[in-house]
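Reminder, nothing fancy here: chain letters follow the sequence lines and each chain counts from 1. Only a predicted model underlies this, so the values are computations on that prediction, with no experimental measurement involved. Below, all heavy atoms of this structure are taken into account, side chains as well, without hydrogens, waters or symmetry copies.
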Amino acid sequence: MNQPNPADHSGLTEDQLKDPRVARRDKLRRLREAGIDPWGSRFDNRWSIGDARQLAGQIRYRTTAGEEFPLPTILPDTDLRAWRNELGPGEEIGPTVRVAGRVMLLRDKGKLVFITLRDWTGEIQLFIGKNQVGEENFELTKLIDLGDLIGVDGRLGRTNTGELTVFAEKLHFLTKMLEPAPDKHAGMTDPELRQRMRYADLAFNDGVMEIFLQRTEIVRSVRRTLDRDGYCEVEGPTLHAIAGGAAARPFVTHHNALDRQLFMRIALELHLKRLLVGGIERVYELGRVYRNEGISPRHNPEFTMLEAYQAYGDYRTMMDLTERIVTDAITAIGCGFVRNFNGHEIDFTPPFSRRTYAELFREATGVDAADDEAVIRLAKEMSLETAGKHPDVIRNEIFEQRVEDSLVGPIFVIDYPASICPLTKRKADNPAIAERFELFVGGMELANAYTELNDPDLQETLFETQLAGMAEEDSMAKMDHDFVRALRYGMPPAGGLGIGIDRLVMILTGQRSIRDIVLFPVLRPEASESPAADSATAAQPSPPGTSTTGGSADSEGSK
RNA sequence: GAGGGCGUAGCUCAGUCGGUAGAGCAACGGACUUUUAAUCCGUUGGUCCUGGGUUCGAGUCCCAGCGCCCUCACCA
């Protein structure tokens with residue numbers, strides 16, 4: 001007890017060194033004393049571990065007589081030692097590679113150390129023998145902890161058990177990890193820690209990297225599909241004077257020089273449609289929108305949305321496009337058209353089924369959706385609030401309760417009640433029905449699209465009706481005079497589409513929680529962070545028309 | 001915002017009926033040149049989320065608070 005540690009001259013006692021952080025700091029110091037930069041430097045001519053593994057087929061066993069043999073097929077219990085003994089003495093000849101990565105496992109056998117090294121393409125075992133790398137270089141292994149970043153030069157080969165291995169000839173120290181490593185088997189399981197410290201989650205938990213790389217593949221594929229169709233990607237403003245285009249509470253912010261309130265956008269729609277007026281005939285934006293709403297396994301306050309608009313198309317045009325975007329993305333990540341999600345088996349083989357809202361309504365309730373009295377009667381049976389509500393709103397509440405959650409899909413629900421669709425063109429032969437579809441998968445709304453309303457006078461009327469006549473939480477829009485003016489300049493008939501990219505990623509990667517497919521989901525500040533940021537937010541005034549107007553008793557600000 | 005669950009060592013988790021805080025991994029000392037969640041010998045490590053209360057005695061029971069997870073609501 002309290003004896004100086006014989007392995008160094010730091011003056012630290014053994015007791016102090018039993019703290020993993022102290023021990024790591026001490027190894028940092030010892031690296032420096034040995035003349036090694038613990039933070040490394042440029043490391044060129046590296047093979048990714050995935051690429052290095054591809055070279056396994058080149059490994060040969062060469063006998064002392066000079067005969068070369070390819071290795072046998074490697075099965076889990078392959079005993080290469082027996083195979084080599086039959087061939088007689090010799091050595092394994094494999095390509096020389098340089099790899100680098102994070103130390104995931106370390107098995108110290110005295111004069112021989114095995115390391116499992118990981119980079120973002122995979123894992124590979126390192127064999128570091130004292131006789132092979134030399135005594136001085138081997139001393140480095142005593143300063144390596146789990147989680148450190150190292151590199152090696154060596155030859156690819158296989159151990160007696162058949163494990164593909166880099167037999168190190170030279171070991172390089174690249175970066176010290178100063179924090180203790182998570183459990184080497186279980187990793188980090190606390191969801192809060194995983195999200196707060198996504199770096200550690202990515203580095204140490206199996207499968208996390210793959211999910212986020214798949215997300216990237218999906219987003220790339222979505223862009224590729226649209227670009228191939230001749231769409232033009234644009235970047236609209238994220239700061240809006242009026243946060244329109246969807247029914248959601250916006251985040252409020254303030255521009256100092258203009259001394260004006262601004263809102264973070266809740267949708268991309270109204271600016272993209274202005275661009276249709278301007279003549280950009282196929283336009284999309286794939287970007288972040290912000291909604292000041294609750295957080296749940298399917299909701300993050302900021303999320304990624306795709307909106308695409310095609311001049312001279314309609315909602316059927318967008319249905320075909322939606323199907324292509326989704327199936328192309330599935331092909332891109334190679335996961336197959338039949339996916340399991342949340343206990344459902346979902347078959348994405350096109351074409352997706354297409355059913356009208358009215359059909360599904362009748363099947364689920366036995367009531368004709370067009371029969372207002374019957375709908376209201378049903379709503380009362382379901383003890384839904386009906387007073388002062390538009391029949392379409394009531395209709396939709398029933399639909400959401402009775403139909404939506406059970407839609408495993410993928411299924412296009414088409415032709416919605418008109419008055420819950422204030423930005424949508426009505427059917428030519430039936431003004432009570434809007435040309436709109438939503439795509440449902442696994443009980444979630446994945447896409448929403450319509451034939452765009454381009455009649456400026458009707459648009460203005462619908463905005464006004466929404467604002468004046470309805471409880472605030474049912475309102476779909478705020479009056480945007482410039483948008484209406486834009487429509488007066490002539491927006492071509494068009495189809496428009498919105499896809500929730502996060503949900504698409506959830507379904508295609510099989511993740512039940514949006515927090516597992518968003519790199520840095522919104523979290524409460526850590527205890528150590530300043531509480532000042534919190535109180536500043538709380539002190540901000542509510543946006544007009546979002547929490548104090550109308551007769552809305554639904555006051556979320558009351559918490 | 002409402003209801004339910006959880007919070008114990010750096011990590012993953014036990015902790016019985018209320019009776020002096022436990023394991024594995026990691027860390028530290030040692031052995032081992034084909035291991036692979038390496039193994040073996042030895043050692044250390046605790047604000048039991050926070051604050052009250054009940055009790056001779058609280059990780060355990062009660063109350064309040066904080067955080068996370070799940071369900072619901074708002075919403076995509």
Taking donor-acceptor contacts at under 3.5 Å, does the side chain of A:Thr159 reach the base of B:U35? yes
Within the structure shown, what part of the strands sits under 4.0 Å from A:Gln132 by heavy-atom distance: base, sugar-phosphate, or nothing? base
Watson-Crick/G-U partner (both atom distances under 3.5 Å) of B:G1: B:C72
State which of B:C32, B:A37, B:U34 makes the closest approach to the side chain of A:Phe167. B:U34
Would you say A:Lys184 reaches B:A26's phosphate, i.e. side-chain N/O to OP1/OP2 under 4.0 Å? yes
Say we look at B:G22 and B:G45: how far apart would their C1' atoms be, to the nearest angstrom? 13 Å
Side-chain donor/acceptor of A:Gln195 to backbone N/O of A:Pro521, under 3.5 Å: no
Hey, does A:Phe204 reach any base, or is it just sugar-phosphate, or nothing, if we go heavy atoms under 4.0 Å? nothing
Taking the same atom, C1', in B:G10 and in B:C28, what whole-Å distance lies between them? 14 Å
Counting only distance, no hydrogens or angles, is the base of B:U34 paired donor-acceptor with the side chain of A:Glu163 under 3.5 Å? no
Checking contacts here: which listed nucleotide (B:C68, B:A38, B:C74) is nearest the side-chain heavy atoms of A:Lys109? B:A38
Once you apply the 3.5 Å cut-off to both distances, tell me the Watson-Crick or G-U wobble partner of B:G67, or none. B:C6
Rounded to whole angstroms, how far apart are CZ on A:Arg21 and P on B:C28? 14 Å
Going by side chain to side chain donor-acceptor pair (under 3.5 Å), name the pairs with one or both residues in residues 176-190 of chain A, residues two or more places apart or in two chains. A:Arg21-A:Glu179, A:Asp145-A:Lys176, A:Asp148-A:Lys176
Rounded to whole angstroms, how far apart are CG on A:Asn448 and C1' on B:A76? 9 Å
Working to the nearest 0.5 Å, report the span between CZ of A:Arg53 and CG of A:Leu164. 5.0 Å
Scan for salt bridge (Lys or Arg N to Asp or Glu O under 4.0 Å) pairs involving residues 500-518 of chain A, sequence neighbours excluded, and state none if there are none. A:Arg194-A:Asp516, A:Arg215-A:Asp502
Counting the benzene-type ring for Trp, do A:Tyr450 and A:Tyr315 have ring centres under 6.0 Å apart? no
From CE of A:Met188 across to C1' of B:C13 the rounded distance in Å is 16 Å
Short side-chain N/O contact to B:A76 OP1/OP2 from A:Arg291, under 4.0 Å: yes
For A:Gln125, which contact category applies under a 4.0 Å heavy-atom criterion: base, sugar-phosphate, or nothing? base
Rounded to whole Å, please give me the gap between CD1 in A:Ile128 and P in B:C32. 18 Å
How far does the C1' atom of B:G59 sit from the matching atom of B:U16, given to the nearest Å? 13 Å
Starting the side chain at C-beta, find the nucleotide from B:C28, B:C11, B:U35 nearest to A:Thr165. B:U35
Pairwise P distance for B:G18 and B:C63, with rounding to whole Å: 16 Å
Taking the side chain of A:Arg81 as its heavy atoms from C-beta onward, which of B:C32, B:U12, B:U34 lies nearest to it? B:U34
Verify, without hydrogens or angle tests, whether A:Glu269 (side chain) and A:Ala246 (backbone) share a donor-acceptor contact under 3.5 angstrom. no
What's the gap between B:U34 and B:C49 when it is taken at their C1' atoms, as a whole Å value? 47 Å
Who pairs with B:G46 - Watson-Crick or G-U, where each distance is under 3.5 Å: none
By ring pair (Phe, Tyr, Trp, His ring centres under 6.0 Å) - contacts of A:Tyr284 (at least two apart): none
Mind checking the CD-CG spacing from A:Glu123 to A:Leu105? Nearest 0.5 Å is all I need. 7.0 Å
State whether the side chain of A:Asp26 and the backbone N or O of A:Arg29 hold a donor-acceptor pair below 3.5 Å, judged by distance alone. no
Which nucleotide in the set B:C28, B:U35, B:A37 lies at the smallest distance from any side-chain heavy atom of A:His185? B:A37
Are any side-chain N or O atoms of A:Glu323 and backbone N or O atoms of A:Phe352, one a donor and one an acceptor, separated by less than 3.5 Å? yes
Per-nucleotide protein contact string for nucleotides 2-9 of chain B (B base, S sugar-phosphate only, - none; heavy atom under 4.0 Å): --------
Name the nucleic acid region contacted by A:Gly498, choosing base, sugar-phosphate or nothing; use a 4.0 angstrom heavy-atom cut-off, strictly under. nothing
To the nearest angstrom, how far is A:Ile115 atom CD1 from B:U33 atom P? 17 Å
Ring centre gap for A:Tyr357 and A:Phe399 strictly below 6.0 Å: yes
Given the C1' atoms of B:U60 and B:G15, what is the spacing between them in whole Å? 9 Å
Applying the Watson-Crick and G-U wobble criteria at under 3.5 Å, what pairs with B:U39? Answer none if nothing qualifies. B:A31
Distance check needed: B:C32 P versus A:Phe138 CZ, whole Å only. 11 Å
What is the pairing partner of B:A14, taking Watson-Crick or G-U wobble pairs with both distances under 3.5 Å in any strand? none
Side chains of residues 438-448 of chain A: which donor-acceptor partners sit under 3.5 Å, not counting sequence neighbours?
| residue | atom | partner | partner atom | Å |
| --- | --- | --- | --- | --- |
| A:Glu438 | OE1 | A:Tyr416 | OH | 3.0 |
| A:Glu438 | OE2 | A:Arg436 | NH2 | 2.8 |
| A:Asn448 | OD1 | A:Arg436 | NE | 3.0 |

Hey, is the side chain of A:Arg107 poking within less than 4.0 Å of OP1 or OP2 on B:U35, counting only N and O atoms? no
Measure CD/A:Glu91 against P/B:U34 and give the value in whole Å, please. 18 Å
Between N or O atoms, less than 3.5 Å apart, protein on one side and nucleotides 69-71 of chain B on the other: list the pairs.
| residue | atom | partner | partner atom | Å |
| --- | --- | --- | --- | --- |
| B:C69 | OP1 | A:Arg515 | NH1 | 2.8 |
| B:C70 | OP2 | A:Arg515 | NH1 | 3.4 |

Would you say A:Lys18 places a side-chain N or O within less than 4.0 Å of OP1 or OP2 belonging to B:G46? no
Taking the C1' atom of each, how far is B:C25 from B:U33, in whole Å? 25 Å
Within the 4.0 Å heavy-atom criterion, would you say A:Asp502 contacts the bases, only the backbone, or no part of the nucleic acid? nothing
Classify the nucleic acid contact of A:Asn300 as base, sugar-phosphate or nothing, counting any heavy atom under 4.0 Å across all strands shown. base
Using a 4.0 Å heavy-atom cut-off, does A:Asp108 contact any base of the nucleic acid, only the sugar-phosphate backbone, or nothing at all? base
Give a yes or no answer on whether the side chain of A:Glu293 reaches the backbone of A:Arg249 with a donor-acceptor pair at less than 3.5 Å. yes
In whole angstrom, what separates A:Arg249's CZ from B:C74's P? 11 Å
